[in-house]
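Right, one structure below, let's go through it.
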Amino acid sequence: MQEPSYQEKIWQVVAMIPEGKVATYGQVAELAGLPRMARAVGRTLSQLPKDTQLPWFRVINAQGKISFPSDSSAYLRQRERLEQEGISLINGKIRLKDYQWNP
DNA sequence: TCCTTGACGGAGA
DNA sequence: ATCTCCGCCAAGG
């Protein structure tokens, strides 16, 4: 059997993030067994098909912010998905203390 | 092949 | 809170 690609490990972790919770890129990398490879997570998510079932929107950066320009449509799409599950943004930031996933 | 980019992050100052 | 520097490394030019 072959080793799962790093993308597969990342997909696996993202799929486990529960509704109403968020995880940071670094946290996903860590849980996927890829410490210090937060960028690999961002890269992987950027390559997901538009119709993916993966809850990519539950992944935010360590500052508790959405990693897209606040004036982009991508930013809006993610913010709306999050608010739909009860995650609120205060001054553009999510309070990790309240919403971060603790597996 | 070399150089730059990038859905990032932590340590310092 | 803000900024810089550095680590990481796949992809694209």
Side-chain angles (χ1 to χ4, degrees):
Chain A
M1 226 23 180
Q2 300 199 3
E3 283 293 308
S5 66
Y6 73 93
Q7 285 97 333
E8 291 175 306
K9 295 179 180 177
I10 290 167
W11 295 331
Q12 168 69 52
V13 173
V14 174
M16 295 194 286
I17 305 172
E19 185 177 340
K21 290 293 180 179
V22 297
T24 67
Y25 293 93
Q27 181 184 7
V28 171
E30 184 82 17
L31 292 169
L34 304 168
R36 296 181 295 293
M37 291 207 251
R39 300 190 92 131
V41 176
R43 201 165 46 241
T44 298
L45 297 188
S46 76
Q47 298 167 342
L48 290 174
K50 194 171 63 174
D51 62 347
T52 181
Q53 294 296 294
L54 222 58
W56 56 270
F57 51 87
R58 295 183 185 140
V59 182
I60 61 177
N61 65 35
Q63 287 69 57
K65 299 193 291 186
I66 290 173
S67 293
F68 283 119
S70 57
D71 59 5
S72 66
S73 57
Y75 175 93
L76 273 181
R77 283 202 308 279
Q78 183 166 11
R79 193 184 73 183
E80 288 179 8
R81 296 294 300 272
L82 292 173
E83 293 180 327
Q84 280 173 29
E85 21 188 271
I87 296 170
S88 63
L89 284 78
I90 300 177
N91 294 322
K93 292 179 302 184
I94 290 166
R95 294 196 186 256
L96 291 177
K97 187 165 185 179
D98 298 331
Y99 300 110
Q100 183 165 34
W101 175 40
N102 303 79

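Owing to the predicted nature of the structure, the values given are computational and were not obtained by experimental measurement.
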Heavy atoms only, 4.0 Å cut-off, all strands: where does A40(A) land among base, sugar-phosphate and nothing? nothing

Just call it for T24(A): base, sugar-phosphate, or nothing, with non-hydrogen atoms closer than 4.0 Å on any strand.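 Sugar-phosphate, no base atom in range.
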
Between dT4(B) and dC5(C), how far apart are the two P atoms, rounded to whole Å? 16 Å

Rounding to the closest angstrom, what is the interatomic distance between dC6(C) and dA7(B) at atom P?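 The same atom, P, in both gives a distance of 22 Å.
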
Supply the atom-to-atom distance [X] [atom1] to [Y] [atom2], rounded to the nearest 0.5 angstrom.
X: L76(A); Y: E83(A); atom1: CG; atom2: CD; value: 9.5 Å
X: T44(A); Y: K9(A); atom1: OG1; atom2: NZ; value: 11.5 Å
X: Q7(A); Y: L45(A); atom1: CD; atom2: CG; value: 10.5 Å
X: E8(A); Y: Q12(A); atom1: CD; atom2: CD; value: 10.0 Å

Residues at least two apart in sequence or cross-chain that pass side-chain contact (heavy atoms from CB on, under 4.5 Å) with K65(A), listed by chain then number, are N61(A), Q63(A), K93(A)

Taking only residues two or more places apart in sequence or in another chain, which ones pass side-chain contact (heavy atoms from CB on, under 4.5 Å) with A74(A)? F68(A), S72(A), R77(A)

Can you give me the first and the last nucleotide of DNA chain B (5' to 3') that has an atom within less than 4.0 angstrom of a non-hydrogen atom in chain A?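 Nucleotide range with atoms under 4.0 Å of chain A: dG6(B) to dG10(B).
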
Grouping I, L, V, M, F, W and Y whenever their side-chain heavy atoms are under 4.5 Å apart, do M16(A) and Y25(A) come out in a common cluster?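 Yes, one cluster joins them.
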
Close side-chain approach of [X] to [Y], heavy-atom, < 4.5 Å:
X: S67(A); Y: I60(A); answer: no
X: R43(A); Y: Q47(A); answer: yes
X: I10(A); Y: L34(A); answer: yes
X: L82(A); Y: Q78(A); answer: yes

Applying side-chain hydrogen bond (donor to acceptor under 3.5 Å, both in side chains), which residue pairs with at least one partner in residues 94-103 of chain A are found, sequence neighbours left out? Q27(A)-Q100(A), S88(A)-Y99(A)

T24(A) meets the side chain to side chain donor-acceptor pair (under 3.5 Å) criterion, sequence neighbours left out, with none

Using atom names, set out every protein N or O paired with an N or O of nucleotides 10-13 of chain C below 3.5 Å, distance rounded to 0.1 Å.
residue	atom	partner	partner atom	Å
dA10(C)	O4'	R43(A)	NE	3.3
dA10(C)	O4'	R43(A)	NH2	3.0

What are the atom names and distances for every N/O pair under 3.5 Å that joins the protein to nucleotides 6-8 of chain C?
none

Of the residues in residues 74-103 of chain A, which ones touch DNA chain B at a heavy-atom distance under 4.0 Å?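 Nucleic-acid contacts, sorted: none.
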
Near DNA chain C, under 4.0 Å by heavy atom, which residues of residues 12-19 of chain A?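 Here the set is empty: none.
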
Cut-off 3.5 Å, no hydrogens considered: what does the side-chain donor-acceptor table look like for residues 48-58 of chain A, sequence neighbours left out?
residue	atom	partner	partner atom	Å
T52(A)	OG1	L54(A)	N	3.1
R58(A)	NE	E85(A)	OE1	2.9
R58(A)	NE	E85(A)	OE2	3.4
R58(A)	NH1	I17(A)	O	2.9
R58(A)	NH2	E85(A)	OE2	2.9

Only pairs at least two apart or in different chains count here, so list each salt bridge (Lys or Arg N to Asp or Glu O under 4.0 Å) that has a residue in residues 13-33 of chain A.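 Sorted pair list comes back empty.
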
